[in-house]
Each structure stands twice: as structure tokens, then as C-alpha cells.
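Position 1 is the first residue of the sequence; numbering continues from there.
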Amino acid sequence: MTDSAFSQNAQLLRPSVVSLSFRDRAGLYAAYMPFLLNGGIFVPGARSCQIGDEVFLLLTLMQDETRYPVAGRIAWITHEGASHNHTPGIGVQFPADDSGIRVKQRIEALLGTTLGMARPTHTI
């Protein structure tokens with residue numbers, strides 16, 4: 001396989017659209033990444049991707065009927081077999097645009113005081 005053929009195949013494997021639903025506060029807390037600039041969300045699952053790749057998210061948050069479309073970038077990767085048995089997946093950083101600000105504010109409103117807790121998450 002040539003280098004260019006490998007690059008084309010790798011691009012086909014990269015995630016482009018991910019639909020993610022959170023049914024409860026505990027799951028949202030475990031996935032939210034407040035330490036990223038503009039916030040972000042952890043998406044579980046093994047994927048072939050790299051830091052900086054673009055990902056389009058469709059997020060559904062608990063009983064909220066709104067689907068939040070967010071175009072973010074991969075800022076975190078947890079590979080299979082990571083230490084401390086962390087769930088494999090990617091961390092997607094929200095953009096600094098209206099969609100990113102909107103979903104960050106909505107997540108933080110839903111999580112409320114749980115944001116200050118020291119419970120483990122999928123990332124740290």
C-alpha cells in the first residue's frame with residue numbers, strides 16, 4: 001500500500017458525525033470535559049483518529065428534546081488498554097462559536113453543583 005493510499009484509507013476511518021445521547025446526570029458528568037478551553041465531551045469507543053481531527057457532534061442531553069449540533073476538534077484520545085482501565089474514546093473540544101457556547105452553558109446548567117465534585121470521570 002502506498003503512502004497516499006494509506007492516507008486516503010485513514011481519512012475514511014476517521015469519525016465525521018457522531019450522535020451521542022445522555023440519559024442521566026451521572027453519565028453527562030463522567031463525559032463532560034470542563035478543563036478544555038470552551039469545554040468538551042468524551043465520546044466512548046475505539047476510533048481511528050488523530051488529535052486535531054474535526055468531528056461533528058449531535059448531542060442529546062437528558063430530557064431535553066433539543067439536539068445540539070456542534071462541530072468540534074479531537075483534543076483527547078484514550079486508546080484501548082489505557083492505564084487505570086479508562087474507557088477508550090475521544091475527547092471533543094467545543095468551538096468558541098455560538099453552538100459551542102450554547103452546549104457548554106446547557107451542560108453546566110444541567111450539572112449544576114456536581115461540577116465541583118471530585119468523582120472520577122472517563123478522562124481524569
Side-chain angles (χ1 to χ4, degrees):
M1 183 180 293
T2 67
D3 284 351
S4 63
F6 177 79
S7 296
Q8 290 171 347
N9 287 340
Q11 287 177 350
L12 293 174
L13 296 174
R14 290 185 183 147
S16 57
V17 178
V18 176
S19 182
L20 192 58
S21 294
F22 292 95
R23 299 183 196 281
D24 59 39
R25 186 174 294 164
L28 184 57
Y29 173 85
Y32 184 53
M33 303 174 79
F35 53 85
L36 292 177
L37 179 64
N38 306 317
I41 203 84
F42 182 79
V43 180
R47 290 174 171 76
S48 177
C49 55
Q50 297 177 358
I51 300 288
D53 286 352
E54 290 186 352
V55 178
F56 187 77
L57 299 173
L58 292 171
L59 296 175
T60 305
L61 306 172
M62 296 164 23
Q63 289 83 25
D64 193 338
E65 292 183 19
T66 303
R67 290 186 70 169
Y68 295 89
V70 180
R73 293 202 175 268
I74 297 174
W76 181 289
I77 299 174
T78 303
H79 297 283
E80 285 194 60
S83 62
H84 306 293
N85 294 322
H86 281 286
T87 303
I90 58 173
V92 179
Q93 182 177 19
F94 299 147
D97 63 13
D98 288 341
S99 68
I101 292 166
R102 181 176 171 220
V103 75
K104 177 183 184 207
Q105 289 175 341
R106 182 65 181 136
I107 289 171
E108 290 182 354
L110 288 168
L111 292 177
T113 59
T114 59
L115 278 174
M117 300 179 78
R119 293 187 313 203
T121 67
H122 290 305
T123 55
I124 52 175

With sequence neighbours excluded, residues passing salt bridge (Lys or Arg N to Asp or Glu O under 4.0 Å) with R73: E54
Just so I know, are the side chains of I77 and I51 near enough to count as touching, which here means a heavy-atom distance under 4.5 Å? yes
Cut-off 3.5 Å, no hydrogens considered: what does the side-chain donor-acceptor table look like for residues 101-109, sequence neighbours left out?
from: R106; atom 1: NE; to: D64; atom 2: OD2; distance (Å): 3.0
from: E108; atom 1: OE2; to: Y32; atom 2: OH; distance (Å): 2.6

Quick one: list whatever passes side-chain hydrogen bond (donor to acceptor under 3.5 Å, both in side chains) with S19, sequence neighbours left out. R67
Within a strict 4.5 Å, meaning less than it, do heavy atoms of the F22 and I41 side chains meet? yes
Taking CG in D98 as the centre, count heavy atoms belonging to other residues, nucleotides or ligands within less than 6.0 Å. Is the count above 12? no
Testing L58, L59, V92 for side-chain contact (heavy atoms from CB on, under 4.5 Å) with L20, which one passes? L59
Hey, what do you get for CZ (R25) to CG (L110), rounding to the nearest 0.5 Å? 7.0 Å
Atom OG1 of T87 and atom CD of E80: how far apart are they, to the nearest 0.5 Å? 10.5 Å
Taking C-beta and beyond as the side chain, do L37 and Q93 meet within less than 4.5 Å on heavy atoms? yes
Can you check whether P95 reaches N38 side chain to side chain, under 4.5 Å on heavy atoms? no
Test W76 against F35 for side-chain contact (heavy atoms from CB on, under 4.5 Å), laying out the working first. CA-CA 12 Å; W76 181 289; F35 53 85; 4.0 Å; yes
Can you name the closest pair of heavy atoms from P69 and F56 and give their distance? CB-CZ, 3.6 Å
Mind listing the closest non-hydrogen atom pair of L111 and Y29 along with its distance? CD2-N, 3.7 Å
